[in-house]
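Computed over heavy atoms, backbone and side chain alike; hydrogens, waters and symmetry mates excluded. First listed ligand is number 1; within each ligand, the first listed atom is number 1. On a predicted model such as this, the values are computed, not experimentally measured, just so you know.
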Amino acid sequence: MTTRSDPTKEARLLKRVEGSDLHSIAQKVIAGERLSCEDGLTLYRSDDLHAVGKLANYVRERMNGDYAYFNVNQHVNYTNLCNKFCSFCSFDRQPGQKGAYTYSPEEAAAKITEQLGEPVTEVHVVGGVWPKLGYDYYLDLLRAIKAARPSIHIKAFTMVEIDQIQKVAKKPLPKVLKELREAGLGSCPGGGAEIFAERVHAAGYSQKMSGQRWLDTARVVHESGLRSNCTMLHGHMETIEERVDHLDRLRLLQDETGGFQAYIPLSFHPPGNEWSHLPGPTSLDELREIAVARLMLDNIQHIKAYWILLEIPIAQLALAFGADDVDGTVVEEKIYHDAGAQTPQRVQRDELIDWIRGAGRTPVERDTLYEVLWTGEEAQGELASSGSPA
Ligand code: V47
């Protein structure tokens, strides 16, 4: 959505950054011009975080009004066995190691059945990369989840898993994607991208697909008609130049395919992994990351402040720094809780609504593809709603 330009707001914005290196960026932002990579660096270097946030909020309100989206979802992490040995990961295990597990399709489906009393519309399914899982395992997993709750949207498999599934399927990727869709796949989550820069890839996750291969896989996924999200893991050993390069590569692919629905900055959590000596981002870094993303990713409609990672007060603040989505109810989260996250593993739908209202925004329940399911009375009649699922 777009809102009408407001000359007073724009004049105030320009006045706020008068005489600073953000002034020319503000002019471009108001004119709706694309920011350059040099502008991205300026936003990262600026010592006026509030002004960066104000610019991002201006764009956020122009693109998404006052709305803050959420969904009622649950996560299923089907295995923590993984052969990629990423330095930032606290979730992966080897066979025989304490806590190693793989759910059978039936066990995964039981997680869905447990939540049948809740108004869940989406399941987010991701796991480690484990070559002993055959092609049929992935198809059966999707089918079992769909059988347990036919109405559920399955958002499953990062580009890294899609690449692995194609390897075990030994078929061309478009054919594999068609078969996954027939088995129930609805869209793909945005993980596995980390930082695309080859230097960081070589230092921390060299066994994983390259950034270029992640992008090439996402291109085919989008061409097959599936939508996906995208992410960047920040706050470890990457430079701001590498972050800007990552954002630029995402927006260039988005220019080609239009297939990314939302971007989610993922704040590195140090506990329990090989990079635990690194400090991780501060809350101010996290807010800046949201803001820079909103300003640079002019062609991605939604910026998600993933509350599980950010903690609730920062996710609320992020709604004034460029974010327009807080993700969902989640239910059972393992990747960040293995890395020391102190947030709860689930929230109730009403709590999400209260947090959003507490941040001064209008709550909108969406499905995975951003169809509106419910709006607070603040927005009644403004957004098309397909009814109240609650
Ligand atoms: O790919 C792993 C990251 C990702 C750590 O698409 C870590 O809607 C921080 O992608 N500290 C998985 N990050 C999560 C993900 C996601 C989450 C929520 C919503 C969506 C979506 C996607 O988590 C991994 C990796 O980049 N990760 N370990 C860590 N210690």
Side-chain angles (χ1 to χ4, degrees), residues 69-71 73-78 80 82 84-93 122-129 153-164 186-196 200-201 204-205 208-209 211 214 218 221 226-238 246 250 259-281 285-286 289 300 302-310 315 323 325-343 345 366-370:
Y69 294 86
F70 69 95
N71 73 351
N73 67 349
Q74 70 179 105
H75 283 210
V76 174
N77 299 123
Y78 56 90
N80 59 2
C82 191
K84 298 299 173 204
F85 302 100
C86 299
S87 300
F88 56 79
C89 185
S90 315
F91 171 69
D92 64 326
R93 297 286 183 278
E122 169 193 286
V123 59
H124 171 118
V125 180
V126 295
V129 171
H153 178 107
I154 309 182
K155 180 182 73 174
F157 310 138
T158 66
M159 296 308 103
V160 184
E161 291 158 280
I162 293 286
D163 193 48
Q164 173 63 19
S187 64
C188 294
E194 323 316 353
I195 286 276
F196 293 141
V200 190
H201 180 265
Y205 32 93
K208 190 174 233 168
M209 72 189 335
W214 190 97
V221 164
L226 286 163
R227 298 211 215 152
S228 74
N229 291 334
C230 54
T231 57
M232 176 172 80
L233 179 69
H234 68 92
H236 43 90
M237 60 171 289
E238 83 288 359
H246 188 99
L250 286 175
F260 291 126
Q261 303 202 99
Y263 166 81
I264 310 123
L266 299 171
S267 332
F268 171 57
H269 272 41
N273 57 62
E274 275 177 41
W275 279 352
S276 58
H277 57 287
L278 299 173
D285 295 334
E286 293 177 321
E289 215 48 59
I300 298 184
H302 302 285
I303 305 289
K304 215 185 252 191
Y306 184 39
W307 66 266
I308 286 267
L309 274 183
L310 295 177
D325 191 310
V326 295
D327 200 70
T329 48
V330 178
V331 179
E332 183 184 46
E333 200 288 326
K334 292 184 189 293
I335 297 176
Y336 299 106
H337 287 84
D338 283 356
Q342 298 297 312
T343 46
Q345 291 210 19
R366 60 166 177 84
D367 68 10
T368 311
L369 302 177
Y370 285 85

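Each of the following atoms of ligand 1 lies closer than 4.0 Å to a heavy atom of Ser267: 9 (C), 11 (N). Here is the list of ligand 1 atoms found below 4.0 Å of a heavy atom in Pro189: 6 (O). Contact atoms of ligand 1 toward Glu194: 1 (O), 25 (C), 26 (O) (distance under 4.0 Å to a heavy atom of the residue). The distance from ligand 1 to the heavy atoms of Ile264 drops below 4.0 Å at these ligand atoms: 6 (O), 8 (O), 20 (C), 21 (C). Atoms of ligand 1 found under 4.0 Å from any heavy atom of Gly191 (numbered from 1 in listed order, with element): 1 (O), 10 (O). Taking every heavy atom of Leu233 and a limit of under 4.0 angstrom, the matching atoms of ligand 1 come to 7 (C), 9 (C), 13 (N). Counting the atoms of ligand 1 from 1 in the order shown, those under 4.0 Å from a heavy atom of Asn229 are 6 (O), 8 (O), 21 (C). Here is the list of ligand 1 atoms found below 4.0 Å of a heavy atom in Asn273: 30 (N).
Polar contact with ligand 1: absent for Lys208 (N/O pair, distance under 3.5 Å). Among the atoms of Gly190, some N or O lies under 3.5 angstrom from an N or O of ligand 1. Backbone and side-chain nitrogen or oxygen atoms of His75 are examined, and none is located within less than 3.5 angstrom of a nitrogen or oxygen of ligand 1. Where the criterion is an N or O separation shorter than 3.5 Å, residue side chain and backbone included, Tyr336 meets it with respect to ligand 1. For ligand 1, none of its N or O atoms has an N or O atom of Leu266 under 3.5 Å away. Note: an N/O pair closer than 3.5 Å links Lys304 and ligand 1 by distance alone.
Closest protein heavy atom to atom 11 (N) of ligand 1: His269 N, 2.8 Å. Nearest non-hydrogen protein atom to atom 17 (C) of ligand 1 is Tyr306 CE2, 3.6 Å. For atom 1 (O) of ligand 1, the closest non-hydrogen atom of the protein is Gly192 N, 2.7 Å. Nearest protein heavy-atom neighbour of atom 22 (C) of ligand 1: His124 CE1, 3.6 Å.
Thr368 contributes atom OG1, which lies 10.5 Å from atom CZ of Arg227 (distance to the nearest 0.5 angstrom). Put simply, CE on Met232 and CD1 on Ile264 are 12.0 Å apart, with the number rounded to the nearest 0.5 Å. Here Trp275 contributes atom CH2 and Leu233 contributes atom CG; the two are 7.5 Å apart, rounded to the nearest 0.5 Å. Between the CG atom of Asp338 and the SG atom of Cys89 there is a distance of 8.0 Å, given to the nearest 0.5 Å. A distance of 7.0 Å separates NE2 of His302 from CD of Gln261, quoted to the nearest 0.5 Å.
In this structure a side-chain-to-backbone donor-acceptor pair under 3.5 Å is present from Trp214 to Gly191. In this structure, the side chain of Tyr205 engages the main chain of Ile195 through a donor-acceptor pair within 3.5 Å.
Take Glu274 and apply the salt bridge (Lys or Arg N to Asp or Glu O under 4.0 Å) test, not counting sequence neighbours, and it matches no residue. Every residue two or more places apart in sequence or in another chain was checked for a ring pair (Phe, Tyr, Trp, His ring centres under 6.0 Å) with Phe85, and none qualifies.
Side-chain atoms of Asn73 and Val330, non-hydrogen and from C-beta on, do get closer than 4.5 Å to each other.
When heavy-atom distances to ligand 1 are checked against a 4.0 Å cut-off, Phe88 comes that close through both its backbone and its side chain. Looking at Ile335 against ligand 1, only its side chain comes within 4.0 Å, counting heavy atoms.
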Between Asn273 and Phe268, does the side chain to side chain contact (heavy atoms under 4.5 Å, CB included) criterion hold? Intermediate values first, please.
CA-CA 11 Å; Asn273 57 62; Phe268 171 57; 3.5 Å; yes
Arg366/Asp325 under side chain to side chain contact (heavy atoms under 4.5 Å, CB included): CA gap, chis, key distance, verdict
CA-CA 10 Å; Arg366 60 166 177 84; Asp325 191 310; 2.7 Å; yes
